[in-house]
Undergrad: 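I'd like to ask some things about the structure below.
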Amino acid sequence: MEKIFYSMAFLKTILIILLVYYGVKFLVKLLSPYFMRYIARKANEKFGKVFGTNPNMSTNKEKEGSVSIDKMPGSNSKTTNPVGEYVDYEEVE
C-alpha cells in the first residue's frame with residue numbers, strides 16, 4: 001500500500017512540473033510579441049534622445065545640392081618641383 005502512495009505522489013509531482021513547464025512556455029509565446037514591442041519602443045526613445053527626433057532631418061538651411069566652402073586652401077606651395085617628391089628605394093633580390 002505504501003508503494004502505491006509513493007508512486008502516486010511521484011506521478012502527481014511529475015504532472016505538476018509538466019503543467020507548470022507547458023503553462024510557462026505558452027505564456028512566453030503569448031506575451032513575447034508585446035515584450036519585444038515594449039523593448040523596441042524603449043530603445044527608439046533612448047536613441048531618439050541621443051540622436052535627435054529625426055536623424056534624417058538636416059540641420060542646414062541650405063538647399064540640397066548646393067556647395068559651400070568654409071575655408072579656401074592656401075595657394076602657397078612650398079615645393080617648386082611640379083613632378084612630386086623623390087622617394088629613395090632599394091631593390092630586393
Side-chain angles (χ1 to χ4, degrees):
M1 194 67 151
E2 223 173 272
K3 279 186 170 182
I4 294 174
F5 177 72
Y6 288 130
S7 65
M8 290 297 285
F10 178 73
L11 287 176
K12 190 188 273 189
T13 305
I14 295 296
L15 181 65
I16 289 172
I17 290 172
L18 286 175
L19 284 174
V20 168
Y21 172 74
Y22 283 111
V24 169
K25 188 175 175 181
F26 176 75
L27 286 176
V28 166
K29 280 188 178 183
L30 187 69
L31 298 176
S32 64
Y34 299 109
F35 184 65
M36 294 301 279
R37 200 172 301 139
Y38 173 77
I39 290 174
R41 191 176 331 135
K42 284 296 187 180
N44 191 14
E45 288 174 6
K46 188 175 182 180
F47 288 128
K49 287 179 184 177
V50 173
F51 294 112
T53 56
N54 188 358
N56 296 328
M57 189 172 70
S58 78
T59 57
N60 295 342
K61 304 268 181 189
E62 299 175 10
K63 283 183 147 181
E64 184 177 338
S66 66
V67 177
S68 65
I69 300 173
D70 292 336
K71 182 180 176 186
M72 292 291 291
S75 62
N76 318 4
S77 66
K78 294 182 181 181
T79 61
T80 57
N81 189 355
V83 176
E85 186 177 341
Y86 177 75
V87 178
D88 193 20
Y89 68 94
E90 293 182 18
E91 288 188 24
V92 178
E93 293 182 26

Undergrad: Hydrophobic side-chain clustering at under 4.5 Å (ILVMFWY, transitive links): who's grouped with Val92? Put none if nobody.
TA: none

Undergrad: Under a 4.5 Å cut-off applied to non-hydrogen side-chain atoms, are Glu91 and Tyr89 in contact?
TA: yes

Undergrad: Apart from Ile14 itself, what residues make up its hydrophobic cluster when side-chain heavy atoms of I, L, V, M, F, W and Y under 4.5 Å apart count as a link, directly or indirectly?
TA: Phe10, Leu18, Tyr21, Tyr22

Undergrad: Quick one: hydrophobic cluster around Ile16, which other residues, with the 4.5 Å side-chain cut-off, linked directly or via members?
TA: Val20, Val24, Val28

Undergrad: Quick check for you: to the nearest 0.5 Å, what is the distance between Phe26 atom CZ and Leu31 atom CG?
TA: 9.0 Å

Undergrad: Kindly compute the distance separating CG (Leu11) from CE (Met8), expressed to the nearest 0.5 Å.
TA: 6.5 Å

Undergrad: Output the distance between atom CZ (Arg37) and atom CZ (Phe35), rounded to the nearest 0.5 Å.
TA: 13.0 Å

